[in-house]
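When a ligand or atom number is given, it counts from 1 through the structure's own listing order.
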Amino acid sequence: MKLSSIYSDKNSRLKISFEVFPPKDKNNYKKLYEELSVLKHFKPEFVSLTWGAGGNDNNSTELIKNIIALGLNVMPHFTCVCSSKDFVKEHIKYLEEYNIQNILALRGDIPENRINCCGDFKYANGLVRFIKSISDLSIGVAGYPEGHIEANSLDEDIKNLKRKVDSGADAIFTQLFFDNDLYFKYVDKVHKADINVPVIPGIMPILSIKQIEKMTNLARITIPEYLADKLDKYKNSNDDIQKFGIEFGINQCKNLLSEGVTGLHFFTLNKSNSTKEILENL
Ligand code: FAD
């Protein structure tokens, strides 16, 4: 089903999706399929598969084929930062051959070393417009409740988000966040900016301190005081961090659902356990 239909479907079922990334080592593909087989029981609308910035697809075409063979729909990501229009056309043709209905259109992070990186697109909105002009794919885009790291302000970032939606995007998938109030305020601002597509919250189960440090170094993500204290308390035990992460995730999702959220997009980090525990307790 297309994004445009999934989130406008008025049945009361929670719309769940799972994000995974292509393992660097092909030997880990089997493990990924096993984790997805566990998550399949939650009847996700789709599995989204990340794409390396700089045109590095890391064999995602093989993964797409195999995830479909598991009986799951796939929403591939695509970053345009170093891509030509011809390359995008070729890739979209491939996706259509596999009856893919949705794509997450991104600019991607600009590589430090720009040699071998001269793409036809400056920002994601150009990619959205181009995909719309050559295909019937339904298009998702990224949104940042705390503002994208390069943006001078959240308002400026939301103006740019509007360009993506006006170019044809059907849904917004957010960066992860740990403070739901920031998400609610963001959705408010997005609606006030006359952006009228669903804003699906991105949920990342807390698996380790290292993971949190990595994410908060890469993006603007606030760690509320309560969370910082707990992470500090459990910092010497990965088991305790994971247990706490599940409890935190359950409370975070319950609160989102109580405020009327109808879709959750989980950044699984290719591990099923915490996401499964969270979903079983909603
Ligand atoms: P854009 O929407 O193009 O925005 C980039 C910056 O430019 C923003 O600061 C924006 O405000 C500004 N901007 C946009 N348009 C204009 C304009 N017309 N004029 C001036 N400024 C403008 N990265 C990957 O490499 N692979 C992935 O698979 C991947 N998946 C992701 C999934 C989700 C749900 C999210 C939230 C992020 C994902 N990312 C991924 C990260 C993303 O690629 C980076 O955050 C990247 O830096 C920005 O991509 P974008 O599509 O949001 O860019």
Side-chain angles (χ1 to χ4, degrees), residues 3 17-24 45-61 63-64 67 74-83 88 91 95 102-112 114 117 119-131 139-178 182-183 186-187 189-190 193 195 197-204 214-221 263-270:
L3 292 174
S17 49
F18 300 121
E19 182 170 311
V20 296
F21 60 86
K24 275 202 186 109
E45 304 298 329
F46 55 83
V47 169
S48 89
L49 180 65
T50 67
W51 177 278
N56 166 23
D57 83 341
N58 208 6
N59 293 310
S60 82
T61 45
L63 285 163
I64 290 170
I67 297 173
V74 181
M75 175 173 80
H77 297 198
F78 186 86
T79 61
C80 63
V81 67
C82 301
S83 298
V88 178
H91 185 64
L95 298 182
N102 306 308
I103 189 166
L104 190 71
L106 302 144
R107 184 200 66 183
D109 291 328
I110 299 181
E112 274 170 32
R114 280 179 178 245
C117 176
D120 282 336
F121 305 93
K122 197 163 179 200
Y123 298 108
N125 70 295
L127 177 66
V128 173
R129 199 176 316 111
F130 186 65
I131 294 176
I139 305 172
V141 291
Y144 303 86
E146 302 186 51
H148 182 259
I149 198 136
E150 290 164 33
N152 292 326
S153 69
L154 183 57
D155 287 341
E156 179 189 301
D157 203 31
I158 290 175
K159 266 190 202 154
N160 291 324
L161 177 69
K162 185 161 165 55
R163 293 179 209 265
K164 295 196 274 195
V165 175
D166 289 348
S167 299
D170 298 302
I172 297 159
F173 294 85
T174 78
Q175 180 60 278
L176 65 106
F177 55 89
F178 295 115
L182 294 172
Y183 167 80
Y186 179 66
V187 174
K189 276 185 175 250
V190 165
I195 297 173
V197 299
V199 185
I200 310 304
I203 305 296
M204 184 177 278
K214 189 174 165 201
M215 288 314 301
T216 47
N217 281 339
L218 287 174
R220 277 184 197 148
I221 298 160
L264 296 172
H265 183 69
F266 285 91
F267 301 111
T268 68
L269 300 173
N270 291 9

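- Between the K164 side chain and the A142 main chain, a donor and an acceptor come within less than 3.5 Å of each other.
- Side chain of S83 to main chain of D120: no donor-acceptor pair is present (N/O by atom type, distance under 3.5 Å, no hydrogens or angles).
- Summarising the contacts of atom 24 (C) of ligand 1 with W51, F121, F78, the nearest heavy atom is found in W51.
- Using cut-offs of 30° and 60° on the angle between ring planes, the pair F130 and F121 is tilted.
- Under 4.0 angstrom from ligand 1, the non-hydrogen atoms of R163 all belong to its side chain.
- Distances from atom 10 (C) of ligand 1 to the heavy atoms of D157, I172, L161, V141 show the closest one on D157.
- An N or O contact shorter than 3.5 Å links K164 to ligand 1 by distance.
- Taking distance alone, with nitrogen or oxygen atoms compared against 3.5 Å, T50 stays at or beyond that limit from ligand 1.
- In this structure, G202 has no heavy atom closer than 4.0 Å to ligand 1.
- Considering backbone and side-chain atoms alike, D109 places an N or O below 3.5 Å from some N or O of ligand 1.
- Closest heavy-atom contact between T174 and F267: O-CZ, 3.4 Å.
- Shortest non-hydrogen contact noted between V128 and A105 is CG2-CB, 3.9 Å.
- Close contacts between ligand 1 and F173 involve ligand atoms 34 (C), 36 (C) [criterion: under 4.0 Å to a heavy atom].
- For ligand 1, one of its N or O atoms has an N or O atom of A124 under 3.5 Å away.
- For the pair R129 (side chain) and G168 (backbone), a donor-acceptor distance under 3.5 Å is absent.
- Within the structure, ligand 1 lacks F21 among the residues with a heavy atom less than 4.0 angstrom away.
- Scanning N160, L106, L154, L127 for the heavy atom closest to atom 29 (C) of ligand 1 points to L106.
- Heavy-atom contacts of Q175 reach the following atoms of ligand 1: 36 (C) (cutoff under 4.0 Å).
- The nearest non-hydrogen atom to atom 43 (O) of ligand 1, considering only G108, A151, P22, G140, comes from G108.
- At least one N or O atom of R107 sits closer than 3.5 Å to an N or O atom of ligand 1.
- When heavy-atom distances to ligand 1 are checked against a 4.0 Å cut-off, T79 comes that close only through its side chain, counted from C-beta outward.
- Checking side-chain atoms of N270 against main-chain N and O of F21 turns up a donor-acceptor pair under 3.5 Å.
- Panel note: side chain D157, backbone H148; a donor-acceptor pair is recorded below 3.5 Å.
- Numbered from 1 in the order shown, with element, the atoms of ligand 1 that lie under 4.0 Å from a heavy atom of L104 read 32 (C).
- The shortest N or O to N or O distance between T174 and ligand 1 is not below 3.5 Å.
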For side chain to side chain donor-acceptor pair (under 3.5 Å), just list the numbers for H265 and S17, CA-CA rounded to whole Å, side-chain angles, deciding distance to a tenth of an Å, and then say yes or no.
CA-CA 5 Å; H265 183 69; S17 49; 2.7 Å; yes
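- For I149, no heavy-atom contact with ligand 1 is shorter than 4.0 Å.
- Contacts of H77 with ligand 1, taken as heavy-atom pairs under 4.0 Å, involve the side chain alone.
- With rounding to the nearest 0.5 angstrom, the CG atom of L49 is 6.0 Å from the CD1 atom of I64.
- Under a 3.5 Å cut-off, the side chain of Y186 and the backbone N or O of L154 do not form any donor-acceptor pair.
- Each of V74, L63, T268 was evaluated against V20; a single residue qualifies, T268, per the side chain to side chain contact (heavy atoms under 4.5 Å, CB included) test.
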